[in-house]
2 protein chains.
Amino acid sequence: MVAVLVIEDDDRIRLSLAMALEDEGYTVHTAATAEEGLVRQRREPADTVLVDLMLPGIDGFECIRELRRHDEVPIVVVSARDDTHDIVAALEAGADDYVVKPVATKELSARLRALRRRTRPASVAEPRPTVLGELELRPYAGEVLLRGELLALTRTEFRLLCELAEHAGQVLSRQQLLARVWEYDYGDERLVDVHVGRLRQKVEDDPGNPVRLVTVRGMGYKLQRP
Amino acid sequence: MVAVLVIEDDDRIRLSLAMALEDEGYTVHTAATAEEGLVRQRREPADTVLVDLMLPGIDGFECIRELRRHDEVPIVVVSARDDTHDIVAALEAGADDYVVKPVATKELSARLRALRRRTRPASVAEPRPTVLGELELRPYAGEVLLRGELLALTRTEFRLLCELAEHAGQVLSRQQLLARVWEYDYGDERLVDVHVGRLRQKVEDDPGNPVRLVTVRGMGYKLQRP
DNA sequence: CGAACTCGTGACAGTTGTGTGACAAAAACC
DNA sequence: GGTTTTTGTCACACAACTGTCACGAGTTCG
């Protein structure tokens, strides 16, 4: 369920936008002023914000900046003013798109979809516990649990595992691992093999038959997605 | 250094766009047709693509879809047509933004910056899997699935299949395959036969009667479109 | 019809890629 | 300062993969 917050002072426009978006399947929150919108978004964050520029009190530009101080939510400006100056200012303030009223619902909806495609899932930002099947990584704590039991990993093994986990499901070449874990631009790729081998001893139940940390012959190594 | 590819058939517009963008500090690649643009982008990928809709030959929509098959590059449509239908179609095809000509350089530049803010760094980007009927290719994961089951392909088979899949539906000559998969400029073309044969054993239900990876006598091999 | 050609495939030997145990240097710890 | 742990290098062994060849079936064409 995708929620959209509409910040717009004109009652008629706000309602018609809300109805149109609801018809497109969105859950719609509304606010008549920037202040109200900011509070609303803090309490119950929507996935996308639509904001008018000419608002009583705090104006649209300021509203965008305020939102951006704590929030990466996609912001689309819906304004009556078709002026390069405003467009540039709004985008610079942190808006992602700018459409001119009146706008066709279909277009608005398509732009929202396009924007959402580009929006990274919140997950990739900070180090947070990653659970991969029976493995649990706690990068901030420097811990790795296998079925709830703490693994005794060395620092290199830990970093290697984190790097692989960050790209779980993707093959990472020895070169890539060397660069990201060891910060070597060149070097003996066999080093990676050895450490992968050691990591396997600890991470796999049967190191002879790896199921989690697998080799992709000719390409590199991969941590399986659960 | 940020590179932008401009695909636009009108010489005057293309040049003025290119100059304007260069003034803004971008490196600009140009192409007068979609075909040229696609080749250019494959050879030397830009960070953002600007594309016109009305192009001779392959049109803008098709160009966008073709780009999106392998590339997550941000795409901005720059079109003379201000029509909801076109806008929606372009965005649905995979474009990220749509601006109407003539557009102020400042606005275009601001939109490019806004878009780039949203674009995840290339390292995190996950190429989307290619699905061809019952076959699913996941190049980044080094995996190929047939009806959901993992195939054990060797590296050469894998690369061969990827190359064929990239041009699914068209015949590739042994020469082309030798060049692209093996990076041989010359060599024994029978080598290709052998590997195609081995690949067939794994990809076809009845290798004697190939339905997916077919021979085009006298010309080469072809991976059937679903 | 037969010669020339195309293509599929099994066999095989040489090459490459990978796992691993041993070991010494380096770092961490006490 | 000595002990323990970690790290990087090496060498060997083995398995997987690759490229070549040769034979045979099927096709094309004169």
Side-chain angles (χ1 to χ4, degrees), chain A residues 142 144 150-164 171-223, chain B residues 142 144 150-164 171-223:
Chain A
V144 176
L150 196 62
L151 292 182
L153 299 188
T154 71
R155 194 161 42 127
T156 314
E157 287 158 6
F158 183 72
R159 286 209 273 181
L160 180 57
L161 185 56
C162 286
E163 194 56 46
L164 286 161
V171 182
L172 293 178
S173 71
R174 287 155 227 271
Q175 277 299 336
Q176 287 177 309
L177 290 169
L178 217 47
R180 297 183 191 177
V181 177
W182 281 267
E183 293 172 16
Y184 289 174
D185 288 337
Y186 57 98
D188 189 356
E189 302 193 343
R190 302 304 312 280
L191 178 57
V192 179
D193 297 19
V194 176
H195 278 92
V196 166
R198 287 172 181 158
L199 187 51
R200 260 192 198 133
Q201 297 296 324
K202 303 182 181 180
V203 164
E204 294 286 352
D205 301 316
D206 172 14
N209 261 38
V211 292
R212 289 185 256 270
L213 177 41
V214 300
T215 305
V216 182
R217 205 183 150 88
M219 306 191 147
Y221 296 98
K222 174 175 67 166
L223 196 67
Chain B
V144 176
L150 196 63
L151 294 182
L153 300 188
T154 71
R155 186 164 50 140
T156 313
E157 288 158 5
F158 185 71
R159 287 208 271 187
L160 181 57
L161 185 56
C162 286
E163 194 55 47
L164 287 161
V171 184
L172 292 178
S173 71
R174 288 155 229 271
Q175 276 300 335
Q176 287 176 308
L177 290 169
L178 262 181
R180 298 184 190 178
V181 177
W182 281 267
E183 293 172 15
Y184 288 175
D185 289 337
Y186 56 97
D188 189 356
E189 302 193 342
R190 302 305 312 280
L191 178 56
V192 179
D193 298 17
V194 176
H195 278 92
V196 167
R198 300 210 250 243
L199 187 51
R200 262 193 196 132
Q201 298 295 323
K202 302 182 181 179
V203 165
E204 295 286 352
D205 301 314
D206 173 14
N209 262 38
V211 291
R212 289 184 256 270
L213 177 41
V214 299
T215 305
V216 182
R217 204 183 154 82
M219 314 207 91
Y221 297 98
K222 174 174 70 163
L223 196 66

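Heavy atoms only: backbone and side chains are in, while hydrogens, waters and symmetry mates are out. Order of the sequence lines fixes the chain letters, A, B, ..., with proteins taken first and strands second; residue numbering starts at 1 for each chain.
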Inset, instruction - Starting at OH of A:Tyr184, measure out to CG of A:Leu178 and round the result to the nearest 0.5 Å. - result: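 It comes to 7.5 Å.
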Legend entry - CZ on A:Arg217 to CZ on B:Arg155, rounded to 0.5 Å: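 Here the interatomic distance stands at 9.0 Å.
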Legend entry - A:Lys222: side chain to side chain donor-acceptor pair (under 3.5 Å) partners, not counting sequence neighbours: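 Listed in chain order: B:Glu143.
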Inset, instruction - Identify, with sequence neighbours excluded, every residue that meets side chain to side chain donor-acceptor pair (under 3.5 Å) alongside B:Arg159. - result: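 With sequence neighbours excluded, B:Arg159 shows a side chain to side chain donor-acceptor pair (under 3.5 Å) to no residue whatsoever.
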Legend entry - salt bridge (Lys or Arg N to Asp or Glu O under 4.0 Å) contacts touching residues 205-215 of chain A (sequence neighbours left out):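 Every pair satisfying salt bridge (Lys or Arg N to Asp or Glu O under 4.0 Å) with a residue in residues 205-215 of chain A: A:Glu134-A:Arg212, A:Arg147-A:Asp205, A:Asp205-A:Arg212.
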Legend entry - Of all pairs that satisfy salt bridge (Lys or Arg N to Asp or Glu O under 4.0 Å), the ones with a partner from residues 175-185 of chain B, not counting sequence neighbours: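 Listed by first then second residue: B:Glu163-B:Arg180.
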Under 3.5 Å, which N/O atoms of the protein pair with N/O atoms of nucleotides 23-30 of chain C?
none

What closest approach, in Å, do [X] and [Y] show between heavy atoms, and which atom pair accounts for it?
{"X": "B:Thr156", "Y": "B:Trp182", "value": "CG2-CZ2, 3.4 Å"}
{"X": "A:Ala152", "Y": "A:Lys202", "value": "O-NZ, 2.9 Å"}
{"X": "A:Glu204", "Y": "A:Val211", "value": "OE1-N, 3.0 Å"}

Inset, instruction - Please determine, for the side chain of A:Arg200, which listed nucleotide (C:dG19, C:dC7, D:dT7) has the closest atom? - result: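 Ranking C:dG19, C:dC7, D:dT7 by closest atom to the A:Arg200 side chain puts C:dG19 first.
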Inset, instruction - Evaluate the criterion side chain to side chain contact (heavy atoms under 4.5 Å, CB included) for residue pair B:Leu172 and B:Leu223; output intermediate values, then yes/no. - result: CA-CA 9 Å; B:Leu172 292 178; B:Leu223 196 66; over 6 Å; no
May I ask you to verify if any side-chain N or O of [X] is less than 4.0 angstrom from the OP1 or OP2 atom of [N]?
{"X": "B:Thr215", "N": "C:dC7", "value": "no"}
{"X": "A:Trp182", "N": "D:dG8", "value": "yes"}
{"X": "A:Tyr221", "N": "C:dG17", "value": "no"}

Legend entry - Any side-chain heavy-atom pair of A:Leu164 and A:Leu177 under 4.5 Å: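 Yes; the side chains approach each other to less than 4.5 Å.
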What is the distance, rounded to the nearest whole Å, between atom [atom1] of [X] and atom [atom2] of [N]?
{"X": "A:Arg159", "N": "D:dT6", "atom1": "CZ", "atom2": "P", "result": "15 Å"}
{"X": "B:Leu191", "N": "C:dC12", "atom1": "CG", "atom2": "P", "result": "20 Å"}
{"X": "A:Leu199", "N": "D:dT7", "atom1": "CG", "atom2": "P", "result": "11 Å"}
{"X": "A:Asn209", "N": "C:dG19", "atom1": "CG", "atom2": "P", "result": "12 Å"}
{"X": "A:Asp188", "N": "C:dT18", "atom1": "CG", "atom2": "C1'", "result": "13 Å"}
{"X": "A:Leu177", "N": "D:dG8", "atom1": "CG", "atom2": "P", "result": "13 Å"}
{"X": "A:Asp193", "N": "C:dT16", "atom1": "CG", "atom2": "P", "result": "16 Å"}
{"X": "A:Tyr184", "N": "D:dT7", "atom1": "OH", "atom2": "P", "result": "11 Å"}

Check residues 186-200 of chain A and write down every donor-acceptor pair under 3.5 Å in which the side-chain atom is one partner and the other belongs to a residue at least two apart or another chain.
from	atom 1	to	atom 2	distance (Å)
A:Asp188	OD1	A:Arg190	N	3.0
A:Glu189	OE2	A:Gln175	NE2	2.8
A:Arg190	NE	A:Asp193	OD2	2.9
A:Asp193	OD1	A:Arg174	NH1	2.3
A:Asp193	OD1	A:Tyr221	OH	3.3
A:Asp193	OD2	A:Arg174	NH1	3.1
A:His195	ND1	A:Leu191	O	3.3
A:Arg200	NE	A:Leu213	O	2.9
A:Arg200	NH2	A:Leu213	O	3.1
A:Arg200	NH2	A:Thr215	OG1	2.5

Inset, instruction - Pick base, sugar-phosphate or nothing for A:Gly218, based on heavy-atom distances below 4.0 Å to the nucleic acid. - result: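 Sugar-phosphate, no base atom in range.
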Pairs: protein N or O with nucleotides 22-30 of chain D N or O, under 3.5 Å:
from	atom 1	to	atom 2	distance (Å)
D:dG26	N2	B:Arg217	NH2	3.4

Inset, instruction - Using five base pairs at each end, measure the axis-to-axis angle across the helix from C:dC1-D:dG30 to C:dC30-D:dG1 and round it to 10 degrees. - result: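 Overall, the helix from C:dC1-D:dG30 to C:dC30-D:dG1 bends by 30° from one end axis to the other.
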